[in-house]
Amino acid sequence: MTYPDSYYRRTMADQTVRPSLAGNVDCDTVIVGGGLAGLTTALQLARGGQAVAVLDAESIGFGASGRNGGFVSPGYATGSAEIARIAGEDAARRLHLLSIEGMDFVRETIEALAIRDALPTRGITSVLRYADGASLKAHAEKMRRLYDYELDYLDRDQVRSVLKSKRYFQALRDRRAFHMHPLNYLRALAGEIERLGGLIYESSAVTKVVLDGAEKRVFTEGGEVRARTVVFTTGGYTGSLHGRLKRAFLPIATYVMVSEEAPDLIASAIATADAIGDNRRAGDYYRVVDGGKRLLWGGRITTRAASTDALVRELRAEMVGTYPQLSGLKTELAWSGLMSYARHLMPQIGQMSPGVWYCTAFGGHGLNTTAIGGKVVAEGILGQSERYKLYQPFGLVWAGGLAGLAVAQLTYWKLQAQDWWRERVA
């Protein structure tokens, strides 16, 4: 198995090693990419009676799916106002309902398959770093009115009773949202796909595809898969195999670290099992793991390869700036990973041509959206619904190449500066 050294790799429950593709395979649908989008698609197709095969260049969950923060909550990487501007108010409402359904799908799958090693823990709290309780109350009321979705408002004293930091003010707590061990969840999905008759091949990079005609052909160094349908779900590690797909998003790196075991020290700062995120555009996100023994902390983005050690120093500075009492907490391990972002910051889900589907670009909000993305693509392939068409306004638009990466990095720095200024003048 090939995985980066991460907390999730070190605590991975299932050690199954899957073969590389060798020889020829015929199936109904072949899926290129073994992350959460690909495996959810495969699971739903297998449940619908299809013969499926999944090909991954590394190991399933090698990319962002197996090394993220583990937050499962509604929404997308961009806000509802921008979604409504592009797709219209009614479509924006239906898309948000899909994002809730994606979160519920993950929770229900954990329960149905008894994935205890996913360690689901209810509660995500989103906190402000400046005082603006009125905006949070208004947002909570909007969610209640439009979606019958309850968010709990926490005033400053309630926040600081569990998050012992002067950086924080009001917050909204989502009691339906949760956090989990994403790699253990993903590997359990793989086991269920195989139980249903699906085939999963690792270390099987796709070298060539023939997509014309009714029969699609997908080649690796070791063999060939023939199928009526192909689904591309490759995310931030997409190679040059499919140019239109690769040009449609930007690979963005993010960084995560996990602390040494220090339950008493961590509890002196963080007295909640909730996952925490702040309101900045690329803010910090963190949660206690190992039953409160360790702290997992993530944040920062870059559009080019950067030193993980240097970024961890920045993360540590942010952590200690938020919680000075954690200055002595040592970092035991850190890692990075590539997410895929489209220019419009929405998932890219749909059909490129008859029998050729894509389901990608989940950066920044992936665990609920990969689930609903895989579900609606499977529904479309099975002829059960056309809900995938809700994502049509957010298609495979060119992301700008190197210029797009430069713009994205400059935009991030601009947002960082705006956040810094807002905190000081609020």
Close side-chain approach of V258 to W335, heavy-atom, < 4.5 Å: yes
Polar side-chain atom of E202 near backbone of I60 as donor-acceptor pair, under 3.5 Å: yes
Working for side-chain contact (heavy atoms from CB on, under 4.5 Å), residues Y286 and D278: CA-CA 10 Å; Y286 55 92; D278 67 52; over 6 Å; no
Full working for side-chain contact (heavy atoms from CB on, under 4.5 Å) between M12 and N184: CA-CA 6 Å; M12 187 173 70; N184 280 343; 3.9 Å; yes
Spatial distance of atom CG (D284) from atom CZ (R129) [nearest 0.5 Å]: 6.0 Å
Distance-minimising heavy-atom pair for G373 and I349: CA-CD1, 3.6 Å
Separation between CD of Q325 and OG of S165, rounded to the nearest 0.5 Å: 7.5 Å
Partners passing ring pair (Phe, Tyr, Trp, His ring centres under 6.0 Å) against F169 (at least two apart in sequence or in another chain): none
Pairwise side-chain contact, F362 with L36, heavy-atom cut-off 4.5 Å (strictly under): no
Pairs satisfying salt bridge (Lys or Arg N to Asp or Glu O under 4.0 Å), at least one member in residues 61-81, at least two apart: none
T233 side chain near V377 side chain, heavy-atom distance below 4.5 Å: no
Check: Y323 and R167 side chains under 4.5 Å, non-hydrogen atoms: no
Side chain to side chain, P347 and F394, heavy atoms closer than 4.5 Å: no
CG on L98 to CD1 on I372, rounded to 0.5 Å: 5.0 Å
Pairs where residues 151-163 contributes a residue and the test side-chain hydrogen bond (donor to acceptor under 3.5 Å, both in side chains) is met, not counting sequence neighbours: D152-R175
Rounded distance [0.5 Å steps], CG in L189 versus CD in Q44: 9.5 Å
Separation of E194 CD from I200 CD1 (nearest 0.5 Å): 4.0 Å
Side-chain heavy-atom pair V230, V209 within 4.5 angstrom cut-off: no
Over all atoms of both residues, closest heavy-atom pair of P4 and R9: O-CB, 3.5 Å
Whether over 12 other heavy atoms sit under 6.0 Å from K164 NZ: yes
Non-neighbouring partners of D290 that pass salt bridge (Lys or Arg N to Asp or Glu O under 4.0 Å), sequence neighbours left out: R294
Listed once per pair and sorted, the side-chain hydrogen bond (donor to acceptor under 3.5 Å, both in side chains) pairs that draw on residues 92-105, sequence neighbours left out: E101-K375, E101-R387, D104-R107, D104-R176
CA sep, side-chain torsions, deciding dist, call: M180, L367, side-chain contact (heavy atoms from CB on, under 4.5 Å): CA-CA 10 Å; M180 68 169 188; L367 291 180; 4.1 Å; yes
Parallel, tilted or perpendicular, as decided by the 30° and 60° cut-offs, for the rings of H179 and F71: tilted
Counterpart residues, side-chain hydrogen bond (donor to acceptor under 3.5 Å, both in side chains), relative to S327 (two or more places apart): none
Which donor-acceptor pairs under 3.5 Å do the side chains of residues 262-277 make with protein atoms, sequence neighbours left out?
from	atom 1	to	atom 2	distance (Å)
S268	OG	L265	O	2.5
T272	OG1	D274	N	3.0
D274	OD1	R173	NE	3.4
D274	OD1	R173	NH2	3.0
D274	OD2	T125	OG1	2.8
D274	OD2	R173	NE	2.6

Those residues that, when tested against Y391, pass ring pair (Phe, Tyr, Trp, His ring centres under 6.0 Å) (two or more places apart): none
Selection residues 135-147 - residue pairs positive for salt bridge (Lys or Arg N to Asp or Glu O under 4.0 Å), sequence neighbours left out: E141-R144, R144-E150
Residue pair T40 / F105, side-chain heavy-atom distance below 4.5 Å: yes
T41 (side chain) donor-acceptor with A378 (main chain) under 3.5 angstrom: no
Within 6.0 angstrom of E261 CD, more than 12 heavy atoms from elsewhere: yes
Those residues that, when tested against H181, pass ring pair (Phe, Tyr, Trp, His ring centres under 6.0 Å) (two or more places apart): Y8
Results of side-chain hydrogen bond (donor to acceptor under 3.5 Å, both in side chains) for S20 - residues two or more places apart only: none
Validation row: D5, L333 side chains within 4.5 angstrom (heavy atoms): yes
Salt bridge (Lys or Arg N to Asp or Glu O under 4.0 Å) partners of E192, counting only residues at least two apart: R195
Check: A51 main-chain N/O paired with T29 side-chain donor or acceptor under 3.5 Å: no
Stepwise side-chain contact (heavy atoms from CB on, under 4.5 Å) check, L326 with L295: CA-CA 10 Å; L326 296 183; L295 178 62; 4.0 Å; yes
Where G395 and Y358 come nearest, the two heavy atoms and their spacing: CA-OH, 4.3 Å
